[in-house]
Amino acid sequence: MKTDETQVVVVTGGSRGIGRAICLEFAAPGTRIFFNYFNPADPQGEKAHAEKTETLVKGAGGWAKSQSVNVASENSVKTFFDTVMHEAGRIDVLVNNAGITRDKLLMRMTEADWDAVMDVNLKGAFHCTRFAGRAMVNQRSGRIINIASIVGIIGNPGQANYVASKAGIIGLTKTAAREFAQRGVTVNAVAPGFIETDMTAVLSEKVRTEMMAQIPLGRAGQPEDVAHAVAFLASEQAAYITGQVIHVSGGMYI
Ligand code: NAI
């Protein structure tokens, strides 16, 4: 990460939830935030969410620009990063946050359910890491932070596709950390537990109650709890940390 006040931050899935909180965490004069989002089921609604994130970032004294980009598509990701490099000329921080769920028990899970989740959550991070990584390696500096999940470590019934994608993200993190270390680029993951966003709002009251019972700190996490950990990993203070997974789960996994 650059030590002066100007930096370029890229966040995937910044329109809502944790991604929006991450954008807001970085909102500061001199910081340019490029974020993307994608929702084929409700493109206009998602665009409105993205515009709200932009407005909030600007309200906090920052600068943000958003674009609808499917991170699962290599061509779309390439075009997105070409635009960022054309406009900003460098990338200091990449946060791979975009993610989806298609929950079903294994015996009911279809190939399409599996592919959809792996394509966005894991392949999307792979594409973005390659394009941003190229810029960072050339710069000899950069921070990549991947949003994993506690379930990628402990497993979760009904989420074989999601859990596999998040376990994969941890493997991607550790390997990228080893490959990029000598080029001044650190790669770490944050593993959130149960965070209040649209993703968890769809869970039944029964599942929510069961989840809450497993949280030693006794409350659900907020998107800002995750964003603070991301900001730390992107900071100068975290310069000697790479290949690690920081849990932000209220102690769900100890
Ligand atoms: P959310 O559902 O509120 O937001 C998802 C974001 O990803 C949106 O901005 C959406 O536009 C974007 N997105 C979805 N598909 C995309 C694609 N193909 N290309 C680009 N962007 C895409 O989700 P939430 O809860 O904010 O989750 C963010 C990340 O945190 C995800 O990776 C999720 O797996 C992870 N996470 C969330 C937890 C939770 O309890 N909410 C717990 C652990 C991990």
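Both counts, for ligands and for their atoms, begin at 1 and track the order of listing.
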- Task: Please name the residue in the list Asn121, Leu122, Val120, Asp115 that meets the side-chain contact (heavy atoms from CB on, under 4.5 Å) test with Met118.
- Result: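 Among Asn121, Leu122, Val120, Asp115, the one meeting side-chain contact (heavy atoms from CB on, under 4.5 Å) with Met118 is Leu122.
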- Name of the residue among Asp225, Ile147, Val245 meeting side-chain contact (heavy atoms from CB on, under 4.5 Å) with Val190: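 Of Asp225, Ile147, Val245, side-chain contact (heavy atoms from CB on, under 4.5 Å) with Val190 is met by Ile147 alone.
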Looking only at side-chain N and O atoms, does [Y] offer a donor or acceptor that is under 3.5 Å from a partner on [X]?
{"X": "Glu46", "Y": "Asn39", "result": "yes"}
{"X": "Asn146", "Y": "Asn96", "result": "yes"}
{"X": "Asn188", "Y": "Gln244", "result": "no"}
{"X": "Thr79", "Y": "Asp82", "result": "no"}

[atom]: which protein heavy atom is closest, and how many Å away?
{"atom": "atom 40 (O) of ligand 1", "result": "Ile195 N, 2.8 Å"}
{"atom": "atom 36 (N) of ligand 1", "result": "Tyr162 OH, 3.5 Å"}
{"atom": "atom 13 (N) of ligand 1", "result": "Phe38 O, 3.7 Å"}
{"atom": "atom 42 (C) of ligand 1", "result": "Gly193 O, 2.9 Å"}
{"atom": "atom 9 (O) of ligand 1", "result": "Ser15 OG, 2.7 Å"}
{"atom": "atom 5 (C) of ligand 1", "result": "Gly99 O, 3.8 Å"}
{"atom": "atom 12 (C) of ligand 1", "result": "Gly13 CA, 3.5 Å"}
{"atom": "atom 18 (N) of ligand 1", "result": "Asn70 OD1, 2.8 Å"}

- Message: Quick check for you: to the nearest 0.5 Å, what is the distance between Phe38 atom CZ and Thr12 atom OG1?
- Response: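 Going from CZ on Phe38 over to OG1 on Thr12, the span is 13.0 Å.
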Under 4.0 Å, counting heavy atoms only: does [X] come that close to any atom of ligand 1?
{"X": "Ala148", "result": "yes"}
{"X": "Ala191", "result": "no"}
{"X": "Asn39", "result": "no"}
{"X": "Asn97", "result": "yes"}

- Message: Tell me the nearest of His127, Arg16, His49 to atom 3 (O) of ligand 1, using heavy-atom distances.
- Response: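 It is Arg16 whose heavy atom sits nearest to atom 3 (O) of ligand 1.
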- Item | Of the listed options Asp42, Thr53, Ile18, closest to atom 26 (O) of ligand 1 (non-hydrogen atoms) |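 Selected option, by shortest heavy-atom distance: Ile18.
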Are any non-hydrogen side-chain atoms of [X] and [Y] less than 4.5 angstrom apart?
{"X": "Leu233", "Y": "Val230", "value": "no"}
{"X": "Arg102", "Y": "Asn161", "value": "yes"}
{"X": "Phe35", "Y": "Thr53", "value": "yes"}
{"X": "Met199", "Y": "Tyr162", "value": "yes"}

- Purely on distance, is any nitrogen or oxygen of Gly19 under 3.5 Å from one on ligand 1?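 No.
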- Close N or O approach (Pro192, ligand 1; < 3.5 Å):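 Min N/O separation from ligand 1 is not below 3.5 Å for Pro192.
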Proximity of [X] to ligand 1 by residue part, where a heavy atom lies under 4.0 Å:
{"X": "Pro223", "result": "neither"}
{"X": "Val71", "result": "both"}
{"X": "Lys166", "result": "side chain"}

Show which atoms of ligand 1 fall inside a sub-4.0 Å distance from at least one heavy-atom site of [X].
{"X": "Tyr37", "value": "11 (O), 20 (C), 21 (N)"}
{"X": "Ile147", "value": "29 (C), 30 (O), 35 (C)"}
{"X": "Val69", "value": "19 (N), 20 (C)"}
{"X": "Thr197", "value": "3 (O), 24 (P), 25 (O), 26 (O), 41 (N)"}
{"X": "Glu46", "value": "8 (C), 9 (O), 10 (C), 11 (O)"}
{"X": "Ile100", "value": "14 (C), 15 (N)"}
{"X": "Val120", "value": "15 (N), 16 (C), 17 (C), 18 (N)"}
{"X": "Phe194", "value": "40 (O)"}

[X] (side chain) donor-acceptor with [Y] (main chain) under 3.5 angstrom:
{"X": "Ser15", "Y": "Tyr37", "result": "no"}
{"X": "Asn156", "Y": "Val151", "result": "no"}
{"X": "Glu54", "Y": "Ser66", "result": "yes"}

- Query: Are the charged groups of Glu74 and Arg130 less than 4.0 angstrom apart, N to O?
  - Reply: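 Counted as a salt bridge, because a side-chain N and a carboxylate O are separated by less than 4.0 Å.
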- Item | Pair Glu196 + Arg208: basic N to acidic O under 4.0 Å |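 Judged by the 4.0 Å cut-off on N to carboxylate O distance, Glu196 and Arg208 do form a salt bridge.
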